[in-house]
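Below: the structure, in structure tokens.
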Amino acid sequence: MTEPLKYKTEFAEEIYALENGPYIKKCMQCGMCDVSCATRNEMDFSPRELFMLLRTGKREDFFKANTMWMCSTCLMCKVRCPRGIPLVDVMHDLKSHAIRLGYTDPPQASFYQAFWQEILGRGRVFEGGLMARYYLKRGWSEIRKGFEMRDLGMKMVMHSRIPIKPPKAIRGLKGMRAIIERAQELTQKEGR
Amino acid sequence: MRYSFYPGCSMEGAAVPYLKSFEAVADVLYMGLEEIPDWNCCGATVASGVIGDYPAQVLAARNLALAEPKRFDIVVPCSSCYMNLALTNKKFQDDKHFRAMVKEALRAGGLKYRGTLKVRQIVEVLINDVGIDKIRAAVRKPLAGLRVAGYVGCQTPRVFPWQFDDPEQPVFMDRIIEALGATPVKFPMKARCCGSSHSLTKPEITTGSGYNIISCALEDGAQVIVTPCPMCQMNLDAYQGMIKQHHQLKTEMPVLFLTQLMAIAFDLPPAAWALKYNIVSPFEALAPYGVKP
């Protein structure tokens, strides 16, 4: 006989404290998100299952799951959830929390960090710069995979879809960074 | 009609044909566009996953603050940019605590936002401000007989469900396709996900979604797909070669920005069509309408 499932609240409390964390408490395990998700087949656990891992305190399984990283922000689950849980926004929190804790193995985590560096670096995102940062972070195996996409890259260049030169940084870059820093301080002050 | 215009990063890169055709079409329709000075990245679907929702929304709010002195509605062509700017603006207007927090952060950069603006999606503006009649009146070369799959994409109709259309089976863009003289096909995948930024990290997702979407358009007899979203356009157009490698795609499917098709129907000069940027050639499908390379 299998052991009855016991709720362990310690880990759950940590996640409920995130910006959109309280919404997770409303999940009634109906599975609407599972059937609505565009990338469910790629996920180790569906969002519904992920919330169950949270309730049962399975911290490692939770953070090692690729669920949040597979979310493509298509908003279908957010529109359909009968409990009104903004699942996409919850996934944002889980991604940023995972990065903060150092769970950054999935390639998407590197992509996100590369994208963010690109924003901080010039205020706008230049596709060439983004790809360079991403492949540098991922190392040789990913570069080799990227090489398989060289035909696509060549076509993009031939059709002038990738500018050769990056755009100039925005004039107010210093101000933009100051704004973000202040926002991050305020987040910490709120205990998130 | 005057608008503050938020082009977004993609219009400086992969979505150049969107920018060129939109500016030309906007001119014909007397939509005065004024680019928001020194705008920054909206954060895409990514910034919130690194620094959290609130700081990412503050980043988006910087653009609102920069646009406010002009007092025009902000028109946004890219679906992700629209999502971030519109959701931030709505939260700013509805949530007192959030408003105070955003104001305080903006102050660190010497900026101020009072929350007086509206953030508008391009297709919604074309329908509700410009109007279908005006669009129809601007058509010089009706695209009679052209069967078009209107690929709205995932975020546009779902940011505010039911505000201007059905979040799962939107029809508002089909009305523009009709106004151009073309025939919108049913195309039930019109608001399904294209695979988004997985195109770089896990291209199998993008090619799989792309295959399903293009097949659906083909089954319904479409000759071209049009979309208002830069990400959707790139994933279906630039990745179509890879889709063909991995799946049995019967034939090629040109993927245009909605505004490119409008520029053709308005009989604007070829520079406004901006078709040289399209990777899958649209010239065969559009030959009956005098569209040549």
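A note on names: the letters A, B, ... follow the listed sequences, proteins ahead of strands, and every chain is numbered from 1.
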(request) Dump the intermediate steps for salt bridge (charged side-chain N to carboxylate O under 4.0 Å, His left out) on B:K190 and B:D166, then the final yes or no. (result) CA-CA 11 Å; B:K190 56 171 51 162; B:D166 184 318; over 6 Å; no
(message) Between A:R100 and A:D93, does any NZ, NE, NH1 or NH2 come within less than 4.0 Å of an OD or OE carboxylate oxygen?
(response) no
(message) Which atoms of A:S36 are under 4.5 Å from chain B, going by heavy atoms: the side chain, the backbone, both sets, or neither?
(response) backbone
(message) Please identify, among A:S160, A:G128, A:S96, the residue contributing the most non-hydrogen atom pairs under 4.5 Å to chain B.
(response) A:S96
(request) Please round to the nearest 0.5 Å and tell me the distance separating atom CG of A:L50 and atom CG of A:L94. (result) 6.5 Å
(message) Which residues pass the side-chain contact (heavy atoms from CB on, under 4.5 Å) test with A:S110, not counting sequence neighbours?
(response) A:Y134, A:K137, A:R138
(request) For B:D165 and B:V171, indicate whether the former's side chain and the latter's backbone hold a donor-acceptor pair under 3.5 Å. (result) yes
(request) Find the one option among A:A178, A:G175, A:G123, A:A98 whose heavy-atom pairs under 4.5 Å with chain B are most numerous. (result) A:G123
(message) Checking an interface table here. Which of residues 63-75 of chain A come within a heavy-atom distance under 4.5 Å of chain B?
(response) A:W69, A:M70, A:C71, A:S72, A:T73, A:C74, A:L75
(message) Any donor-acceptor pair under 3.5 Å linking the side-chain atoms of B:Y113 with those of B:N89?
(response) yes
(message) Quick check on the interface: out of B:I279, B:T45, B:V159, who has the most heavy-atom pairs with chain A under 4.5 Å?
(response) B:I279
(message) Report which part of A:K78 has an atom under 4.5 Å of a heavy atom belonging to chain B: side chain, backbone, both, or neither.
(response) side chain
(request) Output the distance between atom CH2 (B:W39) and atom CG (B:L66), rounded to the nearest 0.5 Å. (result) 11.5 Å
(request) Give a yes or no on whether the backbone of A:L53 and the side-chain of A:T56 come within a donor-acceptor separation of less than 3.5 Å. (result) yes
(request) Answer yes when A:K58 and A:E49 have at least one side-chain N-carboxylate O distance shorter than 4.0 Å, and no when they do not. (result) no
(request) Among the options A:L186, A:L173, A:L130, A:T187, pick out the one with the most heavy-atom pairs lying under 4.5 Å from chain B. (result) A:L186
(message) Looking at chain B, which one of A:P163, A:G153, A:P106 has the largest number of heavy-atom pairs inside 4.5 Å, strictly under?
(response) A:P163
(message) At a heavy-atom distance under 4.5 Å, which candidate from B:V16, B:V58, B:D38, B:L106 has the highest pair count against chain A?
(response) B:D38
(request) Give the intermediate values and the outcome of salt bridge (charged side-chain N to carboxylate O under 4.0 Å, His left out) for residues B:K90 and B:D94. (result) CA-CA 6 Å; B:K90 172 116 178 43; B:D94 293 351; 2.4 Å; yes
(request) Compute whether any side-chain donor of one residue and acceptor of the other, for A:Y103 and A:E60, lie under 3.5 angstrom apart. (result) yes
(message) Please determine whether a side-chain nitrogen of the Lys or Arg among A:E118 and A:R122 lies less than 4.0 Å from a carboxylate oxygen of the Asp or Glu.
(response) yes
(message) Looking at B:A65, is its backbone amide N or carbonyl O close enough to the side chain of B:E68 to form a donor-acceptor pair, meaning the two atoms are under 3.5 Å apart?
(response) no
(request) Identify which of A:L18, A:N20, A:L152 forms the greatest number of heavy-atom pairs closer than 4.5 Å to chain B. (result) A:L152
(message) Can you see whether B:Y211 engages B:K244 through a side-chain donor-acceptor pair at a distance of less than 3.5 angstrom?
(response) no
(request) Heavy-atom pairs under 4.5 Å with chain A are the metric here; pick the option from B:Q233, B:M242, B:E204 that has the most. (result) B:Q233
(request) With salt bridge (charged side-chain N to carboxylate O under 4.0 Å, His left out) as the test, would you mind laying out the steps for B:R158 and B:E168 before giving the verdict? (result) CA-CA 8 Å; B:R158 292 206 264 278; B:E168 298 190 30; over 6 Å; no
(message) Report which part of A:T39 has an atom under 4.5 Å of a heavy atom belonging to chain B: side chain, backbone, both, or neither.
(response) side chain
(request) Please state whether the side chain, the backbone, both or neither of A:E190 comes within less than 4.5 Å of a heavy atom of chain B. (result) side chain
(request) Measure B:I51 against the heavy atoms of chain A and call it side chain, backbone, both or neither at under 4.5 Å. (result) both
(message) For a side-chain contact (heavy atoms from CB on, under 4.5 Å) check, start with the C-alpha distance between A:F115 and B:C41, then their side-chain angles and the critical distance, and finish with the verdict.
(response) CA-CA 10 Å; A:F115 201 103; B:C41 171; 4.2 Å; yes
(message) Given heavy-atom pairs under 4.5 angstrom as the criterion, report whether the side chain, backbone, both or neither of B:M101 touches chain A.
(response) both
(request) Assess A:R133 against A:W116: is NZ or CZ under 6.0 Å from the centre of the six-membered ring, and within 45 degrees of the ring's axis? (result) no
(request) Could you tell me which portion of B:E104 (side chain, backbone, both or neither) has an atom closer than 4.5 angstrom to a non-hydrogen atom of chain A? (result) both
(request) Heavy-atom distances under 4.5 Å only: say whether B:P157 touches chain A with side chain, backbone, both or neither. (result) neither
(message) So which atom in A:V88 and which in A:C77 form the shortest heavy-atom distance, rounded to 0.1 Å?
(response) CG2-SG, 4.2 Å
(request) Mark yes or no: B:K91 above the aromatic ring of B:F98, with NZ or CZ under 6.0 Å from the six-membered ring centre and no more than 45 degrees from the axis. (result) yes
(request) Side chain from CB out, backbone as N, CA, C, O: work out which of these in A:I119 comes under 4.5 Å of a heavy atom of chain B, or both, or neither. (result) side chain
(request) Under 4.5 Å heavy-atom distance to chain A, tell me which part of B:M234 shows up: side chain, backbone, both or neither. (result) both
(request) Supply the atom-to-atom distance B:L200 CG to B:T206 OG1, rounded to the nearest 0.5 angstrom. (result) 9.5 Å
(message) Counting only non-hydrogen atoms closer than 4.5 Å, does A:E19 touch chain B with its backbone (N, CA, C, O), its side chain (CB onward), both, or neither?
(response) side chain
(request) Using non-hydrogen atoms and a 4.5 Å limit, figure out which bit of A:M76 sits close to chain B: side chain, backbone, both or neither. (result) both
(request) With a 4.5 angstrom heavy-atom cut-off, could you sort out which part of B:S199 is near chain A: side chain, backbone, both or neither? (result) backbone
(message) I need the residue from A:K95, A:E42, A:R161 with the largest number of non-hydrogen atom pairs under 4.5 Å to chain B.
(response) A:R161
(request) Select one option (side chain, backbone, both, neither) describing which atoms of A:N41 are under 4.5 Å from chain B's heavy atoms. (result) neither
(message) Please identify, among B:S80, B:P161, B:G49, the residue contributing the most non-hydrogen atom pairs under 4.5 Å to chain A.
(response) B:G49
(message) If we define contacts as heavy-atom pairs under 4.5 Å, which of B:Q240, B:E12, B:H198 has the most with chain A?
(response) B:H198
(request) Would you mind telling me which of B:D53, B:N40, B:D237 has the largest number of heavy-atom pairs within less than 4.5 Å of chain A? (result) B:D53
(message) If I measure from the heavy atoms of chain A, does B:V102 come under 4.5 Å with its side chain, its backbone, both, or neither?
(response) neither
(request) Examine whether an atom of A:R80 lies under 4.5 Å from a heavy atom of chain B, and if so say whether it belongs to the side chain, the backbone or both; otherwise answer neither. (result) side chain
